[in-house]
Amino acid sequence: MNSPARCYFDHNATTAVAPEVVEAMLPFLREYWGNPSSSYTFGRQLAGPLGEARARVAALINADPREIIFTSGGTESNNAAIHSALATQPGKRHIVTTAVEHSATIKFVQLLQKQGYAVTFLPVSPDGALDLDQVEQALRPDTAIASVMWANNETGLLFPVQEIAARCRRRGVLFHTDAVQVAGKLPIDAQALEADFLSLSAHKLHAPKGIGLLYLKRGVKYQPYIVGGGQERGRRGGTENVANIVAFGRAAELARANLAQAETRVRALRDRLEAGLLRQIPETVRNGAREPRLPNTSNLAFAGVEAEGILLLLDQAGICASSGSACTTGSLEPSHVLTAMGCSAARARGSIRFSLGIANTAAEVDYALERLPGIIARLRALTPA
Ligand SMILES: *Cc1c(COP(=O)(O)O)cnc(C)c1O
């Protein structure tokens with residue numbers, strides 16, 4: 001079989017910038033490079049495109065454009081939500097989160113812990129589920145915020161964030177959700193969700209890196225995390241990244257248009273890849289064998305092999321996948337997500353995440369299905385039992 005030039009199965013790490021998105025942003029690099037805060041027309045005229053982009057990203061999550069704060073990405077948005085909840089409620093010094101959050105949340109709350117804040121890391125079951133009663137029991141009178149991701153970037157598993165948001169609301173605790181992995185894969189309705197804060201990142205959505213948003217529910221008090229000029233209505237200092245904001249707006253529009261395809265065609269490709277690998281490769285199991293989950297993600301444990309070896313041989317075959325998150329690749333630590341799910345270190349170290357996108361084809365899936373069994377067999381033959 002002809003091998004495709006590159007099979008990219010790592011869409012949870014980042015995505016290609018869509019050609020339409022590049023087209024949309026180019027005028028703002030070439031011609032309209034003024035500062036939106038300037039008083040002359042060359043700067044002021046950017047208010048229109050910025051407003052349009054804000055409306056487009058708001059439409060993707062069914063929010064009001066005034067509830068959108070543009071940030072540098074998912075990491076900043078997560079940090080900013082937690083920071084604001086603590087800064088606006090100085091008497092509350094407790095944070096609730098989970099053991100399987102992205103490092104953009106975990107590392108930030110660990111830093112806060114060192115500064116004297118109390119943090120509860122909620123455990124998950126072996127299939128990656130949270131116990132809702134346990135979530136509720138963790139909420140204390142001094143809890144400032146609960147931050148629970150919507151979809152896990154490593155396993156694709158979804159948490160019932162609407163139900164968690166409701167329980168937090170009843171207890172007077174602010175609620176933030178990291179929805180970075182949900183955007184473009186499943187519908188997001190911020191009004192129905194009723195979270196106080198929600199984070200998105202553009203580069204997981206076919207826009208450039210370095211741009212994202214924090215949704216801030218109307219009426220929720222906010223204290224900026226990045227302080228400077230009065231941009232973003234005083235909620236985030238720094239000259240607007242105009243080209244990237246326009247790109248994010250265009251990508252949001254495309255994501256809305258492609259959502260049905262992401263949910264059906266991508267899911268079918270993922271299911272075909274996953275079922276094929278489970279069938280063809282002995283001693284292979286799925287991590288987090290539970291629904292609901294993202295339609296694009298498959299996390300599989302191959303017994304008796306190291307993910308590093310698999311990734312090396314996959315790379316030689318032109319296949320991009322990952323072990324754990326991109327942020328922890330290169331460290332010898334097993335994934336904190338799989339560890340929290342009770343996986344042994346050996347199983348976690350033999351686990352690979354495949355994450356598909358709308359550009360993937362059935363031919364690419366077939367190519368991976370053709371190559372992987374041989375790769376695993378070869379590595380197993382090298383490893384003494
Ligand atoms: C990628 C990712 C982030 C970080 O977003 P950046 O824009 O890269 O800072 C945060 N949370 C999750 C779940 C992610 O997958």
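All values below were derived from every heavy atom in this structure, side-chain atoms included, with hydrogens, water molecules and symmetry-related copies excluded.
When side chains are defined from C-beta on, Leu198 counts as touching Leu193, because their heavy atoms get closer than 4.5 Å. Taking the side chain as every heavy atom from C-beta outward, Ile352 and Phe302 approach each other to under 4.5 Å. Side-chain contact between Thr98 and Phe121 is absent, with no heavy-atom pair separated by less than 4.5 Å. Side-chain atoms of Ile358 and Val266, non-hydrogen and from C-beta on, do get closer than 4.5 Å to each other. Using a 4.5 Å heavy-atom threshold, the side chains of Arg353 and Asn153 count as touching. Inter-residue side-chain proximity for Arg293 and Thr155 is flagged as unmet; no heavy-atom pair is nearer than 4.5 Å. Within the 4.5 Å cutoff, no side-chain heavy atoms of Thr75 are placed close to those of Thr105. Residues Leu277 and Leu300 are in side-chain contact: their nearest non-hydrogen atoms beyond the backbone lie under 4.5 Å apart.
Atom-to-atom distance recorded for Glu370:CD and Gln280:CD is 9.5 Å, nearest 0.5 angstrom. Interatomic distance, Leu372 CG to Ile310 CD1, rounded to the nearest 0.5 Å: 7.5 Å.
Residues Ser298 and Glu274 have side chains that bring a donor and an acceptor to within less than 3.5 angstrom of each other. There is a side-chain donor-acceptor pair under 3.5 Å between Ser199 and Asn78. Asn287 and Arg347 share a side-chain donor-acceptor pair at under 3.5 Å. A side-chain donor from one of Glu154 and Ser335 sits under 3.5 Å from a side-chain acceptor of the other.
Ring orientation note: the planes of Phe42 and Tyr40 are close to parallel, at an angle under 30° on the 30°/60° scale. The aromatic rings of Phe108 and Tyr225 sit perpendicular, their planes meeting at an angle over 60°, well past the 30° parallel limit.
Every side chain to side chain donor-acceptor pair (under 3.5 Å) that Lys185 has, sequence neighbours left out, goes to Asn12, Gln181. Scanning for salt bridge (charged side-chain N to carboxylate O under 4.0 Å, His left out) contacts around Arg267 gives an empty result, with sequence neighbours left out.
Taking 4.0 Å as the cut-off between side-chain N and carboxylate O, Arg286 and Glu291 count as a salt-bridged pair. Taking the charged nitrogens against the carboxylate oxygens, Glu232 and Arg66 have no contact shorter than 4.0 Å, which rules out a salt bridge. Ion pairing between a basic and an acidic side chain is recognised when a charged N comes within 4.0 Å of a carboxylate O; Asp196 and Lys217 show such pairing. Residues Glu76 and Arg236 are paired through a salt bridge, judged by an N-O separation under 4.0 Å between the basic side chain and the carboxylate. Under the 4.0 Å criterion applied to side-chain N and carboxylate O atoms, Arg167 and Asp133 are assigned as salt-bridge partners.
Of the possible polar contacts, one joining the Thr15 side chain to the His206 backbone as a donor-acceptor pair under 3.5 Å is found.
Residue Arg256 places its CZ atom among 12 or fewer non-hydrogen atoms of other residues, nucleotides or ligands, all under 6.0 Å distant. The environment of CZ in Arg170 is crowded: more than 12 heavy-atom neighbours from other residues, nucleotides or ligands sit within 6.0 Å. By the neighbour-count criterion of 12 heavy atoms within 6.0 Å, atom CZ of Arg378 is sparsely surrounded, having that number or fewer from other residues, nucleotides or ligands. With a 6.0 Å radius and a threshold of 12 heavy atoms from other residues, nucleotides or ligands, Lys107 has its NZ atom at or below the threshold.
Of all heavy-atom pairs spanning Arg235 and Pro224, the tightest one is O-CB, 3.5 Å.
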Subject >> Residues Val220, Leu174; criterion side-chain contact (heavy atoms from CB on, under 4.5 Å); working and verdict >> reply: CA-CA 9 Å; Val220 174; Leu174 291 173; 4.1 Å; yes

